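Inspection log for the structure reproduced underneath, given as structure tokens.
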There are 2 protein chains.
Amino acid sequence: MDPADPRLDDFRDLNSVDRRPDLPSGKGLVIAEGVLVVQRMLASRFTPRALLGTDRRLGELAADLADVDVPYYRAGAEVMAQAIGFHLNRGVLAAAPRPPELSVAEVLDGARTVAVLEGVNDHENLGSIFRNAAGLDVDAVLFGTGCADPLYRRAVRVSMGHALLVPYAWAPSWPRELDTLRDNGFRVLAMTPNPAADTLAAAMSGLVGDKVAILVGAEGPGLAEHTMRAADVRVRIPMARGTDSLNVATAAALAFYERARLA
Amino acid sequence: MDPADPRLDDFRDLNSVDRRPDLPSGKGLVIAEGVLVVQRMLASRFTPRALLGTDRRLGELAADLADVDVPYYRAGAEVMAQAIGFHLNRGVLAAAPRPPELSVAEVLDGARTVAVLEGVNDHENLGSIFRNAAGLDVDAVLFGTGCADPLYRRAVRVSMGHALLVPYAWAPSWPRELDTLRDNGFRVLAMTPNPAADTLAAAMSGLVGDKVAILVGAEGPGLAEHTMRAADVRVRIPMARGTDSLNVATAAALAFYERARLA
């Protein structure tokens, strides 16, 4: 296959800024990389419109693609690298148009545990949070202000594709959306390093059977004070002496774990 | 200051392979980047032999450097970038010679919780594990086969300097070193995704008051089967349906957290 073939345009120059799905200037395509993430895209609300991969990786996807009406293109690793602009050792890509965003009401429907993020603007942390949410039984993610887009390629990759599967929505007003959570029966927990806050274990053990929203702020600044005040409970991870903080995705994982243990 | 000044040689071309402290061809210098990590180096067994920084960052370190006999060089961001080979937005560096390694006996002395790693060859994961160990009350780290070096610059940075503070040792024989742990009164827990294993919470609640070694393998392959067999207990993180694994540093953090909660 010729790397300049226009059928590969959906996969061209993926490192270029105008390919980003999260920028107004971007082409809006969501990219899945690797067999596992492509499988998760096929299981998600993101419907791929084309695949590009090596013989071997497309072969591994044969069963997944059997009933799917999507064109796929075979190419060697060199041709793929020339089209996409770098060497991809995962060997297969899928591109899906960005579907309409879900509403807050849609993602809260049936949810018992949601993660609520403020100021998480690092794509790697965001991807990790989605992976942790999926693994530790969080039903949905809600974005307050200042968050990065979970559909950016790196976030999707780090999430192992769970950014495509865990439903998320953008809060139309912030932090007022926390009232919507309360109106839907959620107790809102704000994570803080403040030593006066309740421990995770104490807070979660008081909420068995309740719906819970876990509010996490960016590493460094943490949650804004007016956001913190809008929460019902402040909770902390007990930290060893001489240490101050954990990575934001790790802190979120501990809260998700404790919630799953005591839900 | 002239970027070619030989007094800056300890900081020259830091991205070049022969600067790595973890390769036989490397110069063996351990590099701390940023005010916080330099402070942690100053508090550690790694004694810096020179610092290089901007006026502002060296000013922030004035109190830490007051009683320390180490030369430090002031330079603008441009001169620093020319010497080290890239732009460093943390603004200050310290370089320490690599001290002799600690022995297993030294790091186990007085320890009640240790992390034991096998095949963790990713510097970022390794750095995260040290950060998590420090924050969640793990006393020491023991390396089995196949682990990356925690003194590589990226690992030190991701660890927030805790790779310099949490004592670690390399197991001289593996997995036989697990017997040394047992001889020292440790119960050895092996992390596994196997659904037949005990949950973290169940396993840790049976070990209150005991010394515990938490054995973690690389993401993907996990622990080798003969390593798993040499452990006392197999433990798992309860995972949501349709998900298989967490990042290795995240999985370790959950085990450290559960141990700290129930120690």
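Everything quoted here is computed from the prediction, not taken from an experiment. A note on names: the letters A, B, ... follow the listed sequences, proteins ahead of strands, and every chain is numbered from 1.
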For B/A32, what residues pass the side chain to side chain contact (heavy atoms under 4.5 Å, CB included) criterion, not counting sequence neighbours?
->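 With neighbours one apart ignored, the set is B/V37, B/V38, B/M41, B/A94.
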Run through A/L254, A/V248, A/L200 and flag the one making a side-chain contact (heavy atoms from CB on, under 4.5 Å) with A/M191.
->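 Answer to the side-chain contact (heavy atoms from CB on, under 4.5 Å) test with A/M191 among A/L254, A/V248, A/L200: A/L200.
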Relative to chain B, which segment of A/L165 carries a heavy atom at a distance below 4.5 Å: side chain, backbone, both, or neither?
-> neither
Counting only heavy atoms closer than 4.5 Å, note whether A/A260 contacts chain B via side chain, backbone, both or neither.
-> neither
First locate atom [atom1] of [X], then atom [atom2] of [Y], and finally report the distance between them rounded to the nearest 0.5 Å.
X: A/L215; Y: A/F186; atom1: CG; atom2: CZ; result: 13.0 Å
X: A/I237; Y: A/L246; atom1: CD1; atom2: CG; result: 5.5 Å
X: A/L93; Y: A/L14; atom1: CG; atom2: CG; result: 6.0 Å

Nearest heavy-atom pair of B/A134 and B/V166: which atoms, and what distance?
-> CB-CG2, 3.9 Å
With a 4.5 Å limit on heavy-atom distance, are the side chains of A/L189 and A/V212 in contact?
->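 In short, these two side chains touch, coming nearer than 4.5 Å.
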Inter-chain polar pairs, chain A versus chain B: which donor-acceptor atoms lie under 3.5 Å apart?
unit_1	atom_1	unit_2	atom_2	d
A/R131	NH1	B/E219	OE2	2.9
A/R131	NH2	B/E219	OE2	3.0
A/R131	NH2	B/S245	OG	2.9
A/R131	NH2	B/L246	O	3.4
A/G135	O	B/A240	N	2.8
A/E219	OE2	B/R131	NH1	2.8
A/E219	OE2	B/R131	NH2	3.0
A/A240	N	B/G135	O	2.8
A/S245	OG	B/R131	NH2	2.9
A/L246	O	B/R131	NH2	3.4
A/Y257	OH	B/E258	OE2	2.4
A/E258	OE2	B/Y257	OH	2.4

